[in-house]
Structures are given as structure tokens and as C-alpha cells.
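Everything below concerns the one structure shown next.
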Amino acid sequence: MNDELKYLSTRAVKGLMSRREFMGKAAAMGVSAVAASTMFANAVKAAGPVKGGTFRIGVQGGESTNSQDPALWASDVPIAGGNHWGETLVEVGPDGEIENLVAESFEGSADAKTWRFKVRQGIEFSNGKSVTAEDVMRTMERHTNEDSKSGALGIVQGIESMRVDGDVFELTLGVGNADMPYLMADYHLKIQPDGGFDDPTAAIGTGPYNLETDEPGVRMTFSRNPNYWGGDAVAHYEAAEVIVLNDATARTAALQSGQVDAINRVEPKIAKLLDRAPNLAVRNVSGRGHYVFIMHVDTAPFDENELRLALKHAINRQELVDKILQGYGGIGNDMPINAAYPLFDETIPQRAFDLAKAAEHYKKSGHDGSPIILRTADGAFPGAVDAAALFQQSAQAAGIPLEIKREPNDGYWSEVWNVQPFCASYWGGRPVQDQMYTTAYLSTADWNDTRWKRPDFDEMLLSARAELDKAKRKEIYSKMGRMMNEEGGLILPMFNDFIDAVSNDVQGWEPDPNGPMMNWYGCKKTWKA
Amino acid sequence: MHPILKLVAQRLALSVLLLLAASVLIFAGTTILPGDVAQQILGQSATPESLANLREELGLNDPPLTRYFAWLGGVLQGDLGTALTNGLDIATAMGERLSKTLFLAFWAAIIAVPLAILLGLIAVRYKDRWPDKLISSITLTSISIPEFMIGYILAFFIGVKLGWAPSVALISDSMGLLEKLHAISLPIATLTLVVLAHMMRMTRAAILNVMQSAYIETAELKGLSAFEVIRRHAFPNAVAPIVNVVMINLAYLVVGVVVVEVVFAYPGMGQYLVDHVSKRDVPVVQAGGLIFAAVYIGLNMIADIVSILANPRLRHPK
């Protein structure tokens with residue numbers, strides 16, 4: 001690099017020159033755009049994080065009915081806002097390992113039944129109150145008590161007793177669970193003063209930013225928390241904003257015109273086009289979320305495994321990934337687990353699209369030829385109606401009389417999903433296999449939307465849960481995966497990527513498979529050049 | 001009692017009845033929708049226990065009639081209640097949203113109404129000549145394009161490509177008036193294009209209708225210029241139909257801008273109501289419905305009264 005360029009890039013890094021200006025001057029000196037961009041990025045990296053500025057994200061998934069009570073969060077905007085002002089005990093890092101937040105350290109007993117979380121000392125809530133183990137316990141109490149309407153209720157139900165021991169929060173489980181810390185990372189379980197009993201919506205937490213204004217369904221604004229325990233290493237922005245942009249076109253336009261710095265849920269069909277824009281980049285990361293067709297294995301005709309196998313063979317997974325996800329995703333194997341999970345077994349054979357086999361299984365099932373109704377709606381997952389149509393075509397080619405019934409979005413989750421025997425749906429995935437299976441495939445699970453009730457499967461799940469030997473656990477999980485793949489009521493053709501788009505000004509962006517937009521930690525981990 | 005006062009009193013009474021009827025209709029409509037507010041709040045993550053807990057807390061186990069009358073009683077005392085979904089006071093939240101919608105509607109009307117009438121007058125003056133044809137073709141084109149399309153086109157070219165105005169119309173109380181107007185310039189432009197044609201065509205038609213009358217011929221014969229004829233003799237007699245169409249469009253600017261609000265992420269009433277309808281938040285939907293109904297009924301009443309005042313036969317009864 002010649003001196004002139006070096007000088008220019010230092011100026012740009014110091015903020016004395018915009019990136020655009022730098023690119024223009026570099027181009028004038030005969031440097032290609034790609035080379036100039038790399039040069040700039042390197043210079044920025046060498047300079048380290050820059051302090052100051054405002055980080056604004058445009059997020060789909062916010063309503064004017066949202067509240068700041070973590071127990072009620074179910075859509076992206078409140079969850080995004082929550083990661084600004086609040087923190088859980090621990091967090092799942094981008095590499096799938098547990099990172100400590102409010103907890104300074106934790107340890108489990110040998111039988112994985114008792115877990116002790118040492119609460120970080122000397123840190124404060126945004127209202128100035130010191131964080132104590134008592135606050136942690138009260139938080140868990142609020143989410144576990146019988147009147148709770150918390151979305152985390154199902155997760156924390158296994159807790160038998162809790163107590164405070166000095167600066168340690170200790171909980172005891174009825175059945176050992178080696179993955180307990182992962183459950184504590186659930187976004188609902190933000191540690192609040194006194195557990196949030198007195199005012200759950202006060203938005204007081206230990207997060208890197210403090211909530212300044214909250215207009216539900218419009219935006220939230222934040223200022224940097226001056227007392228944040230993470231210090232100077234993180235939370236580089238002076239202020240942050242979460243702007244609700246539910247309309248996909250409005251979201252894209254806002255990013256293109258620089259009104260926001262990053263957006264979530266880029267539609268797969270425009271992602272490639274958007275990526276061509278010079279001032280931004282599409283960032284996708286394969287996560288654990290998946291789009292599915294679920295069959296109730298206890299309801300005719302889906303109680304016949306041959307018919308389930310026929311349908312599983314009749315779906316063209318690659319076509320769905322190509323056409324519905326536009327390549328932003330990966331094919332699934334009729335089990336809710338993929339390589340994004342720890343202890344995933346890659347050796348489980350991938351089910352192929354095979355019309356001959358589908359026809360064979362269909363014949364064996366002895367189905368009377370009456371229409372098999374698949375219910376779908378636009379809201380089931382993006383592209384669900386089109387995906388169902390593609391499924392119908394390939395199934396009919398195998399002689400399976402699949403019929404589509406399109407349902408309204410309104411009331412889909414109450415009237416169709418988990419009610420009708422065969423419908424389209426989605427799952428966001430869970431951080432670990434145990435939690436995913438426990439949520440939807442344990443016999444007693446509330447959300448057992450395939451009616452998969454197998455004592456042998458439950459037994460394996462529980463034995464894996466308490467097993468601390470990773471190799472043994474992997475073996476059990478592999479068996480369970482094979483069983484689901486062969487006999488389950490789940491047709492899982494594809495895992496969808498999280499597709500975000502980020503302005504080139506934002507530095508330090510790392511893909512995080514735990515959630516969209518760096519699992520909503522952009523405000524904490526990125527900075528602007 | 002003066003006949004005009006009597007007329008106005010009658011209309012007011014009728015309006016109240018209409019409002020009541022509207023509230024019943026909205027309540028019935030939201031009650032028969034599938035799923036209830038508890039189910040919608042918890043969504044896919046609902047468990048039977050959390051559902052039951054939330055239903056109990058929100059009072060959804062009471063019969064519909066009880067809930068309806070409890071709500072109506074509150075409204076009569078000026079209390080719109082609290083939203084079921086997030087427990088916020090409806091009157092406060094809605095007042096904020098409504099003022100933003102009215103702000104947008106006001107500025108759109110300030111531009112659209114005079115412009116439409118002026119264009120209508122020009123079209124009449126140059127009837128069947130090129131200005132008339134140009135005005136008609138432009139306004140008819142803009143009314144033929146769906147409003148979300150106009151919004152997207154403006155957002156893309158003016159917002160993204162040229163960078164003259166923000167494509168997301170976020171306003172906050174800390175902004176000055178000019179800043180606010182700049183922020184909402186694209187939605188204003190979209191709304192203006194959407195309502196212009198209707199008012200312009202009606203103005204043109206109403207004046208042309210009057211222009212057929214014998215007294216216009218007299219006015220022309222006594223040597224008045226074409227604009228004078230229109231201004232002094234045709235326009236006053238065409239006021240009633242023009243006011244009617246203007247009022248309908250004003251009402252549209254308040255209650256019909258949902259799509260424009262969504263396209264530009266403008267925090268007005270439309271988005272607010274859509275969110276609450278999909279969550280089955282009945283008290284909010286009721287309140288919103290009542291306010292919208294009141295806007296429609298009120299503006300129509302004003303149109304009627306203006307028409308009456310413009311009509312000498314009613315103004316001077318026998």
C-alpha cells in the first residue's frame with residue numbers, strides 16, 4: 001500500500017473521511033473497488049472498535065400490543081429490545097458454548113441435578129440497585145409460579161427447588177439435566193430486580209443499554225448504560241434504536257437509504273438482488289429454525305407409518321430449498337436436529353426424494369385413495385402455500401392424492417396448528433437437542449404437535465439428559481434421531497437461514513446461529529467505522 | 001326552533017345511534033373471530049396452563065354481553081379502559097396515535113383540497129383543451145395505481161435513489177415542524193396523489209353541470225371573463241357536491257390510510273388498530289371503531305350542513 005493510500009485509510013478510520021469518500025479517492029488512484037474495500041476493512045480492524053454513534057436496527061415482528069414484560073415476549077422486536085436492557089444468567093455463544101452474563105460461573109453436580117450459579121458481584125441494575133442472588137431466584141420464581149403466563153414456563157418446569165446461598169443461586173431438578181445452563185439462557189429469563197414482581201414492565205436490567213423511550217409497535221430508544229459491568233470492551237455505541245418495520249419493502253428501503261444500519265428477515269427472493277447494493281451486505285447464517293409439515297401419528301391415515309414414509313419420500317427437499325428459500329437454507333432429514341446442534345450425528349442417512357419408493361410405501365399403506373388434506377397458510381412460514389403446492393405436485397406424481405386446504409392466517413395457531421392432523425408449521429429451534437425434543441416430542445409435551453408418544457423414546461431422552469459423558473449422549477441422540485426419521489410424524493424438508501442485511505459502516509459483525517441479527521447482540525458487539 | 005337547528009339536532013341524535021350500532025357490530029365481529037386474545041398473545045408458545053391463567057386474568061371467562069356493557073359504561077364516563085394485551089391505557093395510547101394520523105391527514109388535506117379544486121377550475125376553464133386533458137390523464141393515472149404501489153415507487157425513487165426524503169416516516173415530539181414535514185413528505189405526496197383525482201373530477205363535473213344553466217349564459221352575455229363566470233356564478237352553486245366529495249376524502253385521509261402507514265412505517269391509528277385486531281384486543285378495536293365512525297359521521301354531518309347553508313331554499317324556509 002503506498003503512503004497516500006495509507007494516509008487516506010487512517011483518516012477514514014478516524015472518521016475524518018467517509019467510507020464512500022475513501023472508496024472514491026482510492027478508485028481515482030487506480031485501486032479496484034474490491035481491493036479498496038479490503039484495505040479499508042483491514043485498516044478498520046487494525047484500529048479496533050470505534051466508540052460513539054447510534055446503532056439503529058429495523059426489525060420485523062413488533063406490534064403496538066408489545067410490552068416490556070419478558071414473560072410475554074414472543075416476537076422479534078421485544079426480544080431485540082430486551083437484549084439491549086436486560087441480561088440472562090448465561091448466554092449461548094456463537095460457537096454453541098455457554099458464556100457467563102449475570103452469572104460469574106456455574107457448576108453442576110455429578111448427577112446433573114443440582115446447579116449452582118455464582119452471581120457476579122458488584123454489578124448494578126440500571127436503577128442503581130446491586131444485583132443479588134435473591135433477585136435471580138425471584139426472577140425464576142416469577143417464571144415458574146403457577147399463575148405465571150411466562151413463555152418460559154415449560155422450560156423451567158423441571159425445577160424442584162431453589163435456594164440462595166450467599167452469592168450463589170442454587171436450583172435442584174427432579175431429573176438430572178446436563179443442559180440446564182442452556183435453559184437459563186432463554187430470552188424470557190432476564191434477571192430483574194426482585195424478579196420483576198413489583199413492576200415486570202419497568203425494563204430495568206443489567207444490559208449494556210438503558211431504555212429511554214418505548215413506543216410499542218413504533219420504536220424503542222436506548223442510551224449506553226454508563227455502569228455496564230462489561231466495561232469498555234463492549235457496547236461501543238452511545239445510543240441505540242430498535243425501529244419496528246414490519247413491511248418488507250419499507251425495511252429494505254430504510255436500510256438502502258441509510259435510515260437504519262441493519263435489518264432482519266430479508267426475503268429470500270430479494271436477498272441476492274439486495275446483496276448487489278454497494279453500501280450493504282446480506283449476512284445469512286444457518287440456524288436451527290426449520291419449516292415443517294406435521295402429521296398426527298395417532299390419527300388416521302397418518303397412524304400408518306407406511307403412509308408417513310410415502311409422504312416423506314415424495315417431497316423434493318432440494319427443490320424446496322432452491323425455490324422457497326432461494327438457496328438460503330439447507331435440506332432437512334425429518335428430524336428437528338441439524339449440524340448447528342452440538343452432538344449431531346452426521347452419519348444418519350439422508351432421506352432421498354424417490355417417487356418409486358414413495359409409490360411403493362403408499363401401496364403398502366393400504367390407503368383407500370381418499371384425498372389426504374394438508375392445511376397451510378401464508379403465516380405458517382414464509383412461502384408455506386407455495387411449498388405445499390410443490391409438495392402436492394411431487395406427491396401426485398407418486399400417485400398420492402394430496403390435497404391442499406388453504407387456511408386464513410388469523411387463528412392459524414389456535415385452530416389449525418396442533419389441532420388438525422396434517423398442516424404446515426415452523427419451529428425456531430432450541431439451543432440443544434434435549435430442549436428441542438423436550439419441547440415437542442416428549443409424550444407429555446404441551447406442544448407435541450405430531451402426537452409422538454413413545455415410552456422408549458422418552459426413556460432415551462431422559463437418560464441422555466442426565467448423561468454427562470458426551471460420547472454416550474451423542475450415541476443416544478443418534479438413536480433418537482434415526483427413530484424420528486424412520487417413524488416420526490414430522491416431515492422436515494428444510495432448515496431456514498436467518499437472513500439479515502447490514503450496512504457496510506457496521507464493523508465487527510459475526511454470524512451467530514442462535515438467532516437473527518447476531519442473536520440481537522449487534523448493539524453490544526459491533527461498532528461503526 | 002329554527003329548522004336548521006332542528007335538522008342539526010336530528011343529525012346529532014342519529015349520529016349517536018349510529019355510533020351505538022357500530023360498536024355493537026364491531027363487538028359482534030371481533031367475538032366471532034377464531035381464537036381469543038389470550039391465544040393470540042401467547043401465539044404458538046401457548047401452553048394450556050398459561051392460556052388458562054391469562055384468560056382468567058383478562059376476564060375472558062365472563063359472558064360477552066357483560067363484557068360489552070361494562071365497556072360501554074366506561075366509555076360513557078370517558079374511560080376507554082386498558083388494552084388487554086399490554087395493559088396500557090387506551091385513551092392515552094390512542095390519543096397519541098390519533099394525533100399523528102390527524103397530523104398527516106391535515107397536511108395532506110391542506111395540499112390536496114385546494115390543489116384539487118384549483119385543478120378542477122382550470123380543467124373547466126380549458127375544457128377539452130390540452131390543460132384539461134393533461135390534468136385528467138395525470139390524476140386518473142394516479143388514482144388507478146394502488147396506493148401501496150405509489151408509496152413504494154415514491155419511496156424507491158425519491159427516498160432511496162435520490163435521497164431527498166426519508167423512506168421511513170418516523171416522527172417524534174422532539175422534532176420541529178419543518179423536520180416533521182420533511183419526515184412525512186412522502187406519505188403526504190402519496191395521499192395527495194390518491195385523493196386528488198376524485199375531488200378534481202367531482203369539482204369539474206359539478207361546475208360543468210352548473211355551466212349548462214341559463215344564468216351562466218346571461219353572465220357570459222353581460223361580458224364577464226370566463227374565470228369570473230366560474231368564480232362568481234358557477235362555483236357557489238356547485239359548492240354542495242364539492243363539499244360532499246371533499247368530506248368523503250377527508251374522512252378517507254383519517255380512516256383509510258392504513259396501507260400508507262404500513263408502507264412508510266408511520267405510527268398512526270391504522271397500524272395501531274391492525275395490531276390490536278389481530279390480537280383480538282376488543283376494547284381497543286371498539287374504541288378505534290367508535291373514533292373512526294365518529295370521524296365519518298361528523299364529517300358527513302358537516303357536509304350536510306354546508307349543503308343546507310348553500311341552498312337558499314333551506315336557508316329561507318317558507
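Here is the naming used below: chain letters follow the sequence lines, and residue numbers restart at 1 for every chain. Both backbone and side-chain heavy atoms feed into the values below; hydrogens, waters and symmetry mates do not.
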Problem set entry | Heavy-atom proximity to chain B below 4.5 Å, by part of A/Val260 | neither

Problem set entry | Side chain / backbone / both / neither for A/Arg251 at chain B, heavy atoms under 4.5 Å | neither

Problem set entry | Best-contacting candidate, B/Ala52, B/Gly163, B/Ala265, B/Pro267, against chain A by heavy atom pairs under 4.5 angstrom | B/Pro267

Exercise. Just by distance, do the side chain of B/Asp275 and the backbone of A/Ser64 share a donor-acceptor pair under 3.5 Å?
Worked result: yes

For this session: Given side chain to side chain contact (heavy atoms under 4.5 Å, CB included), test B/Ser167 with A/Gln256 step by step and report yes or no.
Result: CA-CA 9 Å; B/Ser167 62; A/Gln256 284 180 296; over 6 Å; no

For this session: Drop me the distance from B/Asp173's CG to A/Glu215's CD, to the nearest 0.5 angstrom.
Result: 7.5 Å

Exercise. Applying a criterion of heavy atom separation less than 4.5 Å, what residues of residues 93-104 of chain B form contacts with chain A?
Worked result: B/Arg97, B/Lys100

Seminar exercise, completed: Among residues 141-161 of chain B, residues within the sub-4.5 Å heavy-atom range of chain A, in order of number, are B/Tyr152, B/Gly159, B/Val160

For this session: Step through the shown structure and confirm whether more than 12 heavy atoms of other residues, nucleotides or ligands are within 6.0 Å of NZ on B/Lys180.
Result: yes

Problem set entry | Flag if over 12 foreign heavy atoms under 6.0 Å of CD, A/Glu238 | no

Exercise. Does anything in residues 54-71 of chain A pair up under salt bridge (Lys or Arg N to Asp or Glu O under 4.0 Å), and if so which pairs, sequence neighbours excluded?
Worked result: A/Arg56-A/Asp261, A/Glu63-B/Lys279, A/Asp69-A/Arg142

Seminar exercise, completed: The salt bridge (Lys or Arg N to Asp or Glu O under 4.0 Å) partners of A/Arg375 (sequence neighbours excluded) come to A/Glu407

Exercise. Between B/Gln271 and A/Gly217, which heavy-atom pair has the shortest distance, and what is it?
Worked result: OE1-O, 4.4 Å

Problem set entry | A/Thr249 vs B/Val263 side-chain heavy atoms within contact, under 4.5 Å | no

Problem set entry | Atom group of B/Ile171 that falls short of 4.5 Å from chain A, counting heavy atoms | backbone

For this session: Look at A/Ile243, A/Asn246, A/Asp247 and state which one has the largest set of heavy-atom pairs under 4.5 Å with chain B.
Result: A/Asp247

